[in-house]
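See below for the structure under consideration.
Labels below follow one simple rule: chain letters A, B, ... track the order of the sequence lines, proteins then strands, and each chain is numbered from 1. The figures that follow rest on heavy atoms only: side chains count, while hydrogens, waters and symmetry mates do not.
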Amino acid sequence: MISLNWIKDYVNIDGIDPKELASKITKAGINVEHVISQKIDNLVVGEITKCTSHPDSDHLHICEVNIGDKIVQIICGASNVREGLKVITALPGAILPGNFEIKVSKIRGVESNGMLCALFELGLEEKTEETYNKGITELPNDAVVGTDPLAYLGLDDTLYELDLNPNRFDCNNHLSFAYEIGAILDRHVTMPCTKTNPIPETNDVTIDIATENCYMYNAKVVKDVTIKESPDFIKQRLINAGMRPINNVVDISNYVMLEYGQPLHFFDKAKLGSHIKVRMANDNEEIITLDNQKRILNKDDIVITDGDKPVCIAGVMGGFNTEVDENTKDIVIESAIFNPYNVRYTSLNLNLRSEASLRYEKGLNYEYCNLAIERACHLLEKYADGKVLTGTTTYDNIDKKEKIITVTKKQINSLLGMHLTNEEIEEQLRKLSFPYQKEKDTYHVSVPPRRLDIGNYPADIIEEVGRLYGYDTIKAQLPILPTKTGVYAPKTKFRKDISKHMRSLGLNEVRTYTLISEEENKEFNRNPDNSIHLLRPLIKERSVIRTTIISSLLKSINYNIGRKNKDIMLYEIANVYDKDYYEETKLAFALHGNYLHSTWQNNNNEIDYYLTKGIVENLLDYLGLTNRYTFRLSDNLPKEIHPKVNSEIIIDNEVVGYIGKVHPMTSKYNIYVGEISLDKLYAKKVRSIKFKELNKYPVITKDLAFIINSKVTSDEITKVIKKAGGRLLTNIEVFDVYHGDKLETNQKSIAFHLTFEDNTKTLTDDEINILFNKIITDVTNKCHAILRDN
Amino acid sequence: MDQLKKEIQAKLTSAKTLEELNNLKVEYLGKKGIITELNSKIKEIPNEEKKTYGMKVNELRTLFNDLYNQSKENIELEEVNRRLESEAIDVTLPATKIEVGAPHSLEKLIEELEELLMSMGYDVVEGPEVEKDLYNFELLNLPKGHPARDAQDTFYIQDDEILLRSQTSPVQVRTMLENTDKTPIRIICPGKTYRRDEDDATHSHQFTQMEGLLVDENVSLANLKATFDVIAKKLFGETRQTRFRPSFYPFTEPSVELDISCFNCEGKGCPICKNTGWITVGGAGMVHPKVLDNCGYDPEKFTGFAFGFGIERLAMLKYGVKDIRTFYTPNDLRVLEQFKRKDSE
């Protein structure tokens, strides 16, 4: 949260509309998400010139209030209302928090033309019993009647709530933000005052840095501080930034952090002593932090110690043992830079994320590290009566080599696709306060240390120039490239074709979640141990990467049945992964209801096993796999599948998937499901289409039927027929299956329609009869069948 | 004979059925038919009258045949009409409908984008969802511990190594690495992505991205702008304007947010654009030189742009879907079926 009143300390923004400024800043890449104005219209300083009791009330008063150009009558119920008081007066038209509009009204019969206010009623103070009991806010006598009371109190601020990109987290701090405004408005930035008047006594703190993860460490001593309430402007600014004021000393450390982005830590010198050692913690080392919690550390945490025991977890939280309290007199100020990764690790590990740790994590700028400690001394001198000791104890292992990036005008214009002149480029660099050396069209730009986000590439400078100049001047220009048509990766194309085919078959595509629960992982899955489990799932319902899609589809089917939706045909194509990270693309489908329906004609076609099989065969035929697939009853399928109404789909002796009815214990509804490996289908080579001349000789058809044991499958008989029929038998079709009264209970009758043809000549009756008789003999012998006489 | 003529005319025109007609044929033209008999009597006619007699009999025969054919035609027509009448149905009764399945709304939108971008020469490439940290982060200029990784809290499968990809950018990395000839690249990569977000109306732990990558010599931000213009107009209408807003992505420099002028209020301000007149639909930028370098492309020679869209976000905007979970659960048929039709062009 940025306070514009605070920003005014560093850069002149007078006369600029805060909303307009916000949109300029947003356009330059720092997102101002909300502009919050504390200004309230129709609010004036009034003076109560007469105060009498309301005739109809024991606590209301009728006040005559001078608001400058006139005197108005206002009814007030506050206990402290009295003649001569200067007060905040809300006149008709004022809109107070909660969208409460002040209007002319009658209170118990007496006209009231406004309201005398307390700060909490204006949303500028918390409403507590204490503030409530204080009554209306009493303004000092120097407040001028008729003027804006919030401006008088310095409470007419405008706040910017920012949504920062991770590279510009520094803009959370008022100085960095002021530099952005300075660049946008082309205005100079004035740094805060860091002057102190040190006393002759010398800072006696010694430091020992025993870890390379501490890059910089400054310590200063301020003596004899008075702990008290902060001045109003500090309190108000902290509140606006979302921090609670505590006392002047603590508030100053937060204030400086919000100014520079450099977190400071204050130790009570009496408790700390005069020696500081920074080192890595030992495993299981303990510290009680400011919040009175015991924390267990490990060797990746950086700690500040008094030479022996930890007194602070570096960058995260101070120790209880050296805390500044109301009795503190002398303080040691720490301003340091630590390895951001360690701070990040520690704060995540201890689940202790603070305003300070967030700043350490993003990396800090050594210039501000040095300035912030001086600034804190200045403020402690001014607002806590502190005496600053001479000298700073410093450890400094920062590489301060100037970062210089060379970039040419040509590079700038060709990457941006713009046509900037040298003057325009130079203007942007100047506004950014980036010093540069120029050689013709080449710029050697020096990156200020405050801009940690800028890398080592010309593109880093080009982006700064471009964003400040404004991308809206870019003229769109399609790339000039060789013309070609894009293509799908072959496997993607295959999947898309199948997906379209499933839709043309009337199935609706769905997408369900890849992540499922442990329980769901056990459904329709013969091998639940083969699944990937997430290391840190967010919720247990989404903790396993699925290896089958069917359970998710079944959930959708059940939902739809529950909603009384009819004829639910669903499919999904998704990648699944096993615990060896092997990826497989699967097609799954789940079907329920009528495939075709026409209720009034009574010829509904309810989904059953054979229709499901037909859908799969349709797909396989489309893929050119006709005559290469078979369906075989399996006892290898998940327990949720009907053991007698299912089949594995086999192509060229390889199982590529299965179909089946959902087990009655799993669902009481007739639901058919299937799952096929698209990778396995994709691997099947098919020949390209070659036209075959039609047979010009006559076709001969014959029918025959067998009575046979029910357990013998149609496939078994067909195989025998096919073998016996040989090359001339070109088609076998089952046209009737009969179980019933005329047969034994374990028998069925099955009838075939056979087609014979020869594309080289006309077949004779003799030729056909030989084949036909061989078929009868073979089926009767091999399948123990009886030829059925018509 | 004249008498006979009248009789034939009367009988044939009054016949009602084919059977009656056939009977008449037998009666007149059959072996012992009246006309046949008349014909055979010709031998008894004196020679000088034979010719006239013959002509008259023939006239009768022709008359009979003509009337017969005409009558037959009429009767047949009547019979067909009767049959048609008897076959009348109520054509307003419900159809036996052949249902066509619907593509998933996200797939529909992806295919629309694919079609557009393929026509501009972009190939469609996909990659694994279970991905290496190396491709998802490291080579994309997001080293371990990088604060920008925070914005993408990731589902890890194996610490620091294997994860569920949090973006489709690893497909770009893989494509650049696999292209060992280091020739120019023009691809789009749609796919599923995952982040450790709690599901609510606007967040989903599983979502879909489509990224595009173009690497060549002399590619500029102006090229990206024109490409984005084409996409924005295709998806949201010809009157769309586009805007770049500076942004940050670790793998692009400069980075921009892709905004379109609000299609709902045409920029006047409404709840959809939060009264700004602009809607952010994606992110983009010039491929970071470090990323080009990591993937074996010389950043001195090559530049490129990359862009990315959240497909759910686009679909929510385009179709007016309010809750992102609608795309994944519970898959109500009444939702799915709304996308089965061809969209307006």
Side-chain angles (χ1 to χ4, degrees), chain A residues 27-29 165-167 341 344 361-362 414-417 457 459-460 462-463 466-467 471-472 474-479 481 483-489 492 502-504 506-514 532 534-536 538 542 556 559-560 563 565 568-569 575 577 581 583 596 598 600, chain B residues 93-94 96 99-104 106-107 117-118 121-126 128-130 145 147-148 150-151 155-157 159 162 192 196 198 205-206 214 216 218-223 225-227 229 243-248 253-254 256 286 289 303 327-334 336:
Chain A
K27 246 177 82 181
N165 290 316
N167 64 326
Y341 295 162
R344 187 180 145 82
E361 280 176 27
K362 310 282 173 179
S414 67
L415 194 68
L416 295 176
Y457 293 92
D460 288 288
I462 296 171
E463 175 168 54
R467 77 175 175 95
Y471 291 141
D472 41 9
I474 293 178
K475 256 206 157 127
Q477 154 96 59
L478 277 173
L481 297 168
T483 311
K484 68 171 184 101
T485 306
V487 293
Y488 282 115
T492 306
M502 295 314 283
R503 289 186 322 243
S504 71
L507 277 64
N508 293 290
E509 186 185 23
V510 297
R511 287 199 172 201
T512 54
Y513 294 124
T514 302
I532 298 172
L534 295 181
L535 286 181
R536 283 172 296 278
L538 202 57
R542 309 266 165 247
S556 295
Y559 169 86
N560 276 293
R563 298 311 294 257
N565 292 334
I568 312 145
M569 313 289 151
N575 292 341
Y577 298 85
Y581 312 139
E583 176 185 89
L596 273 180
S598 170
W600 64 273
Chain B
L93 278 167
T96 307
E99 291 289 352
V100 169
H104 191 268
L106 297 175
E107 179 70 11
L117 286 151
M118 284 163 81
Y122 290 79
D123 294 332
V124 180
V125 183
E126 294 179 307
E129 293 154 43
V130 170
D150 265 10
F155 286 119
Y156 272 91
I157 291 165
D159 260 328
I162 308 286
K192 293 175 187 168
R196 246 173 132 265
E198 270 174 60
H205 73 278
Q206 176 175 335
L214 185 147
D216 211 320
N218 299 315
V219 180
S220 74
L221 210 52
N223 298 153
K225 171 103 166 149
T227 307
D229 277 353
R243 175 176 87 167
F244 279 173
R245 212 152 34 77
S247 186
F248 169 76
E253 187 87 13
V256 294
M286 302 306 295
T303 47
F327 296 117
Y328 295 99
T329 182
N331 289 311
D332 194 307
L333 210 53
R334 293 166 298 178
L336 302 175

Considering only heavy atoms, which portion of [X] lies under 4.5 Å from any heavy atom of chain B: side chain, backbone, both, or neither?
| X | value |
| --- | --- |
| A:Asp472 | neither |
| A:Tyr513 | both |
| A:Leu507 | backbone |
| A:Lys475 | backbone |

Interatomic distance, [X] atom [atom1] to [Y] atom [atom2] [nearest 0.5 angstrom]:
| X | Y | atom1 | atom2 | result |
| --- | --- | --- | --- | --- |
| B:Tyr122 | A:Leu481 | OH | CG | 7.5 Å |
| B:Gln206 | A:Thr512 | CD | OG1 | 7.5 Å |
| A:Tyr581 | B:Ile162 | OH | CD1 | 5.0 Å |
| B:Glu99 | A:Leu596 | CD | CG | 9.0 Å |
| B:Leu336 | A:Asn508 | CG | CG | 5.5 Å |

Checklist line | With A:Tyr488 via side-chain hydrogen bond (donor to acceptor under 3.5 Å, both in side chains) - residues at least two apart | finding: B:Glu114

Next item on the list: Counting only heavy atoms closer than 4.5 Å, note whether B:Ser247 contacts chain A via side chain, backbone, both or neither.
Entry: both

Note to self: Between B:Phe244 and chain A, with a heavy-atom cut-off of 4.5 Å, which part of the residue counts as in contact: side chain, backbone, both or neither?
What the structure shows: both

Close side-chain approach of [X] and [Y], heavy atoms under 4.5 Å:
| X | Y | result |
| --- | --- | --- |
| A:Pro479 | B:Leu214 | yes |
| A:Thr514 | B:Lys192 | yes |
| A:Leu534 | B:Ile157 | yes |
| B:Glu129 | A:Tyr577 | yes |
| A:Glu583 | B:Val130 | no |
| A:Leu415 | B:Pro254 | yes |
| A:Glu463 | B:Met286 | no |

Next item on the list: Mind checking ring pair (Phe, Tyr, Trp, His ring centres under 6.0 Å) for A:Tyr471 and listing every partner two or more places apart, or none if nothing turns up?
Entry: none

Identify the two heavy atoms, one from [X] and one from [Y], that lie closest to each other, and give their separation to 0.1 Å.
| X | Y | result |
| --- | --- | --- |
| A:Arg511 | B:Asn331 | O-ND2, 3.7 Å |
| B:Ala226 | A:Leu478 | CB-N, 3.3 Å |
| B:Asp123 | A:Thr485 | OD1-O, 4.2 Å |
| A:Ser556 | B:Pro330 | OG-O, 3.7 Å |
| A:Asn560 | B:Leu333 | OD1-N, 2.8 Å |
| A:Asn165 | B:Pro246 | ND2-O, 4.5 Å |

Is there a donor-acceptor pair under 3.5 Å between the side chain of [X] and the backbone N or O of [Y]?
| X | Y | answer |
| --- | --- | --- |
| B:Asn223 | A:Gln477 | yes |
| B:Asn218 | A:Ser414 | no |
| B:Arg196 | A:Arg536 | yes |

What residue, out of [options], has the most heavy-atom pairs lying under 4.5 Å from chain B?
| options | result |
| --- | --- |
| A:Lys27, A:Met569, A:Glu509 | A:Glu509 |
| A:Thr483, A:Ile474, A:Asn167 | A:Asn167 |
| A:Ile532, A:Asn575, A:Leu416, A:Ile462 | A:Leu416 |

Item checked: Heavy-atom pairs under 4.5 Å with chain A, option from B:Glu126, B:Arg243, B:Lys225 with the top count -> B:Glu126

